[in-house]
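As the structure is a prediction and not an experimental result, all values here were calculated from the model.
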Amino acid sequence: MDFEAFFQGVQGLQVYNSYKTFITAKCVAEAAFKGEEAAIEVYRITAQFLGHALAIFIDMLNPELIILGSIYDRTRELIQPVMMR
């Protein structure tokens, strides 16, 4: 799995919905903030993967600082609680 692509929303851009339009990270985030369960579940799963990946990264390399991209910053309320478990 390409964690960077997954967390930057690239894989989301490659998914078509039933209307043959692209599903973007932005539209999934907007839906999650509106309370749509499917979009919230996407963010829950994403947060779990991010938390696991960061835990492995921290255990292996013991970095002093980790910088996450702008998608994380804009959707922190959706990701951080699950990621920190």
> Hey, what do you get for CE (M83) to CG (L68), rounding to the nearest 0.5 Å?
Replying inline: 6.5 Å
>> Filter on salt bridge (charged side-chain N to carboxylate O under 4.0 Å, His left out), then keep only pairs touching residues 53-63, sequence neighbours left out; what's left?
In response: none
> Closest heavy-atom contact between A29 and L78?
Replying inline: O-CD1, 4.4 Å
> Is L50 reachable from I56 through a run of hydrophobic residues whose side-chain heavy atoms are each under 4.5 Å from the next?
Replying inline: yes
>> Could you see if V28 belongs to whatever hydrophobic cluster contains F33? Use Ile, Leu, Val, Met, Phe, Trp, Tyr and a side-chain cutoff under 4.5 Å.
In response: yes
>> According to side chain to side chain donor-acceptor pair (under 3.5 Å), does anything in residues 27-40 pair up with another residue at least two apart or in another chain? List the pairs.
In response: none
> How would you list, by chain and number, every residue that makes a side-chain contact (heavy atoms from CB on, under 4.5 Å) with I67, sequence neighbours excluded?
Replying inline: L65
> Is it true that F57 and V82 fall in one hydrophobic cluster, defined by side-chain heavy atoms closer than 4.5 Å?
Replying inline: no
>> Going by salt bridge (charged side-chain N to carboxylate O under 4.0 Å, His left out), name the residues that satisfy it together with E41, two or more places apart in sequence or in a different chain.
In response: R44
> For residues 61-85, which residue pairs qualify under salt bridge (charged side-chain N to carboxylate O under 4.0 Å, His left out), counting only residues two or more places apart or in two chains?
Replying inline: D73-R76
> Of the non-hydrogen atoms in I58 and P63, which two are nearest, and what is the gap between them?
Replying inline: CA-CD, 3.8 Å
> So if you build clusters from Ile, Leu, Val, Met, Phe, Trp, Tyr with side-chain heavy-atom gaps below 4.5 Å, do Y72 and Y43 land together?
Replying inline: yes
>> Testing the basics here: between A32 and A39, what is the closest heavy-atom pair and its distance to 0.1 Å?
In response: N-CB, 3.4 Å
